[in-house]
Amino acid sequence: MAQFHQPYDPYYQLQQPPPQPPPPSDRNGINTLFVSGLPDDVKPREIHNLFRRRPGFDSCQLKYTGRGNQVVAFATFFNHQSAIAALHSLNGVKFDPQTGSTLHIELARTNSRRKRKPGSGAYVVIDKRTKMASNAQETSSDDGGSDSDEAPATEIAASANQGDLGSVKSEAGGEPENAAVTANRQSDKTVEGGGNPCSTLFIANLGPNCTEDELKQSLSQYPGFTMLKMRAKGGMPVAFADFEEVELAKKAMEDLQGTLLPSSDRGGMHIEYARSKMRKS
DNA sequence: AGCACA
């Protein structure tokens with residue numbers, strides 16, 4: 001690999017967040033993660049394989065919401081810290097290198113009340129979609145036949161987010177149908193940013209306590225970053241970050257997408273190209 | 001999902 005990049009700024013790990021003590025109404029009791037950004041052909045087994053080796057993992061469920069092709073998942077851990085640790089190590093990971101789809105992981109709003117039944121599988125599927133096309137759903141207990149804890153060499157690297165890492169999809173083994181679907185997905189041109197490329201980025205899903213300063217700290221490690229403007233809309237802050245070049249903005253977006261700030265309480269940043277460039281002045 | 005400044 002040509003590029004070695006620190007997945008996470010060591011700045012955050014070496015320093016305690018000084019100014020704000022956590023609000024008492026925090027989510028310290030949450031041990032379930034909410035996972036979005038999944039491709040619509042994701043399999044429950046893939047979700048399970050994604051989480052099964054994280055310390056403290058209990059169980060997970062995959063939900064095909066009836067809404068479009070949206071698929072979400074919930075992963076439950078035995079305690080809050082384990083959930084947080086898994087969140088940190090997997091958030092922002094490229095789930096499908098073919099499409100560039102990236103995992104967004106946040107703490108769930110409420111713990112999953114589904115308890116893992118002894119003797120049944122470690123994961124569960126809920127399909128709210130109009131099931132007319134196929135029976136491509138699995139109920140549980142499909143683990144590829146082995147419950148070994150040994151990690152294959154292609155396992156997703158902890159904390160990886162920018163380099164090339166093993167494909168999550170291929171980890172579970174090659175089903176022919178799966179490969180066919182995957183091969184079909186490479187026709188999209190604009191998978192990123194949700195809009196036209198722009199040298200200004202729009203940043204959302206910031207925590208209520210996010211400061212301009214900490215955001216600036218993160219952004220200023222990327223070449224071409226010029227300035228930042230924050231604005232609170234309806235209580236939640238959003239930000240606009242300007243770069244010298246579209247490609248530099250793109251790089252920063254790809255790298256920071258889904259990552260957590262110290263102030264984050266609801267998952268990682270959502271970054272898109274801004275609809276219009278920041279006024280130059 | 002949420003896009004301002006002139």
* Structure fact -> Whole-Å distance, A:Leu215 CG to B:dC3 C1', equals 15 Å

* For A:Lys280 and B:dC5, give me the distance from atom NZ to atom P, rounded to whole Å. => 19 Å

* Asked: A:Asn205 side chain: which of B:dA1, B:dA6, B:dG2 is closest?
  -> B:dA1

* Structure fact -> Here the distance between atom P of B:dC3 and atom CD1 of A:Ile271, to the nearest Å, is 16 Å

* Determine which pairs satisfy salt bridge (charged side-chain N to carboxylate O under 4.0 Å, His left out) with at least one residue from residues 198-213 of chain A, sequence neighbours left out, and list them in order. => A:Glu212-A:Lys216

* To do: Take atom CE of A:Met230 and atom C1' of B:dC5, then tell me their distance rounded to the nearest Å.
  => 15 Å

* Rounding to a whole Å, what distance do you find between A:Tyr273:OH and B:dC3:C1'? -> 16 Å

* Got a sec, which pairs hit ring-ring contact (aromatic ring centres under 6.0 Å, His included) with one end in residues 239-267 of chain A, sequence neighbours left out? -> A:Phe202-A:Phe240, A:Phe225-A:Phe243

* Is any side-chain N or O of A:Arg275 closer than 4.0 Å to OP1 or OP2 of B:dC3? -> yes

* Among B:dG2, B:dC5, B:dC3, the one nearest A:Phe240 by side-chain distance -> B:dC3

* **Given B:dC5, B:dG2, B:dA4, the nucleotide with the shortest approach to the side chain of A:Glu272** => B:dG2

* Hey, does the side chain of A:Glu254 reach the backbone of A:Lys251 with a donor-acceptor pair shorter than 3.5 angstrom? -> no

* Asked: Is A:Arg67 touching bases, backbone alone, or none of the nucleic acid, heavy atoms closer than 4.0 Å?
  -> sugar-phosphate

* Starting from P on B:dC5, measure out to NZ on A:Lys277 and report it in whole angstrom. => 17 Å

* Taking the six-membered ring for Trp, is the centroid-to-centroid distance between A:Phe57 and A:His48 below 6.0 Å? -> yes

* base_contact_polar (B:dC3 base, A:Ser276 side chain, donor-acceptor, <3.5 Å) -> no

* Nearest-angstrom distance from the residue atom CD of A:Glu212 to P of B:dA4 -> 17 Å

* Asked: CZ of A:Arg231 versus P of B:dG2: gap in Å, rounded?
  -> 18 Å

* Residue pair A:Arg279 / A:Ser276, side-chain donor-acceptor N/O under 3.5 Å -> no

